[in-house]
2 protein chains.
Amino acid sequence: MNVAVLAHERFPDRAKTAVGVLRYAEYDVTAVLDRDCAGERVSDHLSDGQDAPIVAGIDDVPHPVDALVVGVAPVGGDFDESWRPDVRRAIKRGCDVLSGLHYFFGDDEEFTTLADEHGAELRDLRRPLEDCTVSEGRAHEVDAEVVLTVGTDCSTGKMTTSAELVAAARERGLDAALVPTGQTGVLLANWGVVVDRVPSDFVAGAVERMVRERGDDHDLLVVEGQGSVVHPAYSAVTCGILHGAMPDALVCCHEAGREAIHGYESVEIPPLSEVAALYEDLAAPVADTTVAAGSLDTSGLDDADANRAVIEYATAIDAPATDPVRFGAGELLDALD
Amino acid sequence: MNVAVLAHERFPDRAKTAVGVLRYAEYDVTAVLDRDCAGERVSDHLSDGQDAPIVAGIDDVPHPVDALVVGVAPVGGDFDESWRPDVRRAIKRGCDVLSGLHYFFGDDEEFTTLADEHGAELRDLRRPLEDCTVSEGRAHEVDAEVVLTVGTDCSTGKMTTSAELVAAARERGLDAALVPTGQTGVLLANWGVVVDRVPSDFVAGAVERMVRERGDDHDLLVVEGQGSVVHPAYSAVTCGILHGAMPDALVCCHEAGREAIHGYESVEIPPLSEVAALYEDLAAPVADTTVAAGSLDTSGLDDADANRAVIEYATAIDAPATDPVRFGAGELLDALD
């Protein structure tokens with residue numbers, strides 16, 4: 001499937017869905033839409049994953065594409081009206097729209113009318129499950145080893161680490177699968193539930209259901225975590241996933257140098273050892289689990305500093321650590337054995 | 001307002017909404033519907049709150065009533081089809097229906113058609129907010145002291161303790177208000193948000209909004225907690241409320257003798273000191289708060305055992321404790337000063 005990825009004014013640093021699609025999805029990315037860096041290429045910004053031209057709008061995409069993927073997620077998941085002309089023209093070309101926003105394209109009168117006229121599908125990945133259920137506390141019964149990525153904040157590499165872990169495990173011949181819980185993960189796997197949209201009563205239940213649906217068919221399930229247990233706004237999501245997944249092990253994700261919650265600068269991230277302990281203590285009543293490894297995003301550092309930062313992080317959380325993008329996920333996988 | 005309260009086969013032990021309405025709401029309860037104990041009276045089961053006859057169905061309610069209140073909340077919040085005849089006949093009599101179920105009466109074709117014909121209103125208290133927002137982490141800015149009730153499990157007296165605290169504070173001349181987060185609280189206060197229905201991303205935001213909406217107009221806000229941080233299914237709700245409310249103090253609610261999570265008997269409640277510490281540790285990154293008091297449900301014990309149990313509980317959580325229903329909420333209020 002050929003796709004164009006919308007990332008206006010945000011590529012690559014504030015367009016983690018776009019970056020995830022470029023790195024891990026099986027779609028062919030024909031172009032990235034970002035009016036701020038039109039004329040450049042993805043490879044000018046990212047050293048790995050697919051390359052593609054960056055263009056100013058959908059009319060500049062060189063080939064026909066099957067779908068427009070919304071590759072950004074502003075705070076609150078709102079639609080930015082400045083995207084409307086591109087979305088409109090994409091639908092007129094018959095493109096499907098894949099979105100993980102809280103905003104539903106399927107509820108937008110202009111888009112649904114156009115989609116009907118032009119035979120396009122509007123896929124809102126965040127639309128809640130119709131048949132939510134509460135957790136029964138039984139995710140631990142599955143045959144697979146269940147690993148959950150957790151973090152010190154949003155955007156600390158939980159999705160990336162999960163995808164890298166699955167890829168590395170498969171390279172070793174393990175039957176590994178991703179349990180996606182966010183818009184990018186669901187986009188990549190074309191399966192899963194965007195749990196931050198699920199009513200809070202049913203978050204654990206939604207995760208439990210996914211784990212039980214796939215858990216007997218694989219050796220390893222890597223559950224994509226969300227948010228952080230120390231995040232003032234999103235901790236409910238994090239906590240529900242932790243208790244719903246009942247993981248055998250946790251991989252704690254952090255970005256080197258980050259000291260406060262992004263967007264909530266008055267909220268300091270506690271000492272890393274305390275964050276790790278808090279995850280273990282919070283899990284304990286429901287699942288006996290430990291932080292078995294750490295994943296550090298060192299993309300802002302040079303190799304020497306990255307090495308130092310990884311060693312410091314491993315010491316802080318008292319577990320093996322690496323940056324799976326820079327150094328590969330092998331060490332994480334070793335720590336999970 | 002005169003109401004009948006539906007509690008079939010569950011009154012009083014599994015009908016906590018019904019009991020809350022009888023104890024704390026300003027409605028006049030004309031009758032309780034429970035086909036299993038028809039002919040008895042509320043006072044045969046409860047020693048406090050309003051008395052009313054218990055009848056087998058809506059046709060046996062002696063006087064006309066303004067509304068039928070759904071006073072039970074089965075697991076998952078489903079509608080029990082055995083209630084349909086009573087609901088149907090109530091609407092035909094022009095009664096409104098007030099419900100906190102996950103099931104929406106307003107989406108039931110038979111009920112909406114009947115309601116239109118008979119001028120009745122179907123009020124689904126759990127219907128989600130249309131305009132959810134993420135928390136800004138600012139609830140601590142309000143003038144009021146903010147107290148949150150938390151617990152070792154569901155149904156350990158968080159709503160009751162919250163209502164008793166507000167009543168006791170008002171008796172002392174404080175301007176106190178309840179911030180309701182569950183169906184019973186919203187029913188009692190005729191205001192609030194049933195947060196377990198709110199998408200998990202927005203739970204903290206919904207609570208923050210309520211605290212900020214009322215927090216500068218009162219001396220004391222008592223936020224009704226939900227679930228438990230050690231509950232395998234509902235901890236997401238609990239965690240979102242804790243971080244959204246940013247409370248100055250916590251009151252930890254427990255039922256004497258309860259050792260496992262109700263309905264999840266393999267999940268033991270950890271030692272009470274650990275539960276209290278977990279709440280404090282989980283709150284700490286967002287709000288510096290402590291368990292300032294404990295509320296113990298001793299309804300299953302005689303006075304001597306209740307006294308002993310309260311002392312043991314206070315020792316376990318290292319804070320003053322009482323049973324506010326049996327002994328009054330004065331001690332809790334003292335501990336919050």
Side-chain angles (χ1 to χ4, degrees), chain A residues 75-77 102 126 128 132-140 152 194-208 226-244 246 261 263-270 274-275 277-278 281-282 284-287, chain B residues 75-77 102 126 128 132-140 152 194-208 226-244 246 261 263-270 274-275 277-278 281-282 284-287:
Chain A
V75 171
H102 280 298
R126 220 170 202 144
C132 295
T133 47
V134 301
S135 177
E136 299 177 40
R138 296 178 58 188
H140 65 282
T152 57
V194 181
V195 297
D196 62 10
R197 187 74 199 187
V198 170
S200 54
D201 238 8
F202 300 130
V203 169
V207 174
E208 175 188 58
Q226 296 293 331
S228 173
V229 80
V230 302
H231 195 289
Y234 304 128
S235 58
V237 190
T238 314
C239 186
I241 296 173
L242 180 65
H243 283 164
M246 305 182 82
I261 299 295
Y264 299 77
E265 304 305 324
S266 67
V267 182
E268 285 174 30
I269 295 171
E274 290 180 20
V275 178
L278 184 54
D281 292 347
L282 182 59
V286 175
Chain B
V75 171
H102 280 297
R126 221 171 203 146
C132 295
T133 48
V134 301
S135 176
E136 298 178 42
R138 296 178 58 188
H140 65 283
T152 56
V194 182
V195 297
D196 62 9
R197 186 74 197 187
V198 170
S200 53
D201 238 8
F202 299 130
V203 170
V207 174
E208 176 188 57
Q226 296 294 331
S228 173
V229 81
V230 302
H231 195 290
Y234 305 128
S235 59
V237 190
T238 314
C239 185
I241 296 173
L242 180 64
H243 283 164
M246 304 181 83
I261 299 294
Y264 299 78
E265 303 305 325
S266 67
V267 182
E268 285 174 30
I269 295 171
E274 290 181 21
V275 178
L278 185 53
D281 292 347
L282 183 59
V286 175

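All chains are named by letter (A, B, ...) in the order of the sequence lines, taking the proteins before the strands, and each is independently numbered beginning at 1.
- When A/P270, A/G244, A/C239 are compared by the number of non-hydrogen pairs under 4.5 Å with chain B, A/C239 comes out ahead.
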As a quick check of understanding, evaluate side chain to side chain contact (heavy atoms under 4.5 Å, CB included) for B/D201 and A/R197, giving each step before the final call. CA-CA 6 Å; B/D201 238 8; A/R197 187 74 199 187; over 6 Å; no

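- For A/H231, there are no side-chain hydrogen bond (donor to acceptor under 3.5 Å, both in side chains) partners at least two apart in sequence or on another chain.
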Does the side chain to side chain contact (heavy atoms under 4.5 Å, CB included) test come out yes or no for B/H102 and A/F202, once each step is laid out? CA-CA 11 Å; B/H102 280 297; A/F202 300 130; 3.7 Å; yes

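- Of the listed residues (B/A139, B/G240, B/A233, B/A204), the one with the most heavy-atom contacts under 4.5 Å to chain A is B/A233.
- Heavy atoms of A/V198 lying under 4.5 Å from chain B belong exclusively to its backbone.
- For A/S235, the parts lying near chain B are the backbone and the side chain together; criterion is any non-hydrogen pair under 4.5 Å.
- For the set A/G263, A/P199, A/A287, the count of heavy-atom pairs under 4.5 angstrom toward chain B peaks at A/P199.
- Looking only at distances, a side-chain donor or acceptor of B/Y264 sits under 3.5 Å from a matching main-chain atom of A/S135.
- The side-chain hydrogen bond (donor to acceptor under 3.5 Å, both in side chains) test applied to B/E136 returns B/R138, not counting sequence neighbours.
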Begin from the C-alpha positions of A/L282 and B/L282 and carry the test side chain to side chain contact (heavy atoms under 4.5 Å, CB included) through to its verdict. CA-CA 8 Å; A/L282 182 59; B/L282 183 59; 4.3 Å; yes

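- Heavy atoms of A/V207 lying under 4.5 Å from chain B are absent altogether.
- Options B/L242, B/V203, B/L278 differ in how many heavy-atom pairs under 4.5 Å they form with chain A, and the most are formed by B/L278.
- Listed for the B/S200 side chain is a donor-acceptor partner under 3.5 Å among the backbone atoms of A/V195.
- Of all the listed residues (A/T133, A/V134, A/V267), the one sharing the greatest number of non-hydrogen pairs under 4.5 Å with chain B is A/V134.
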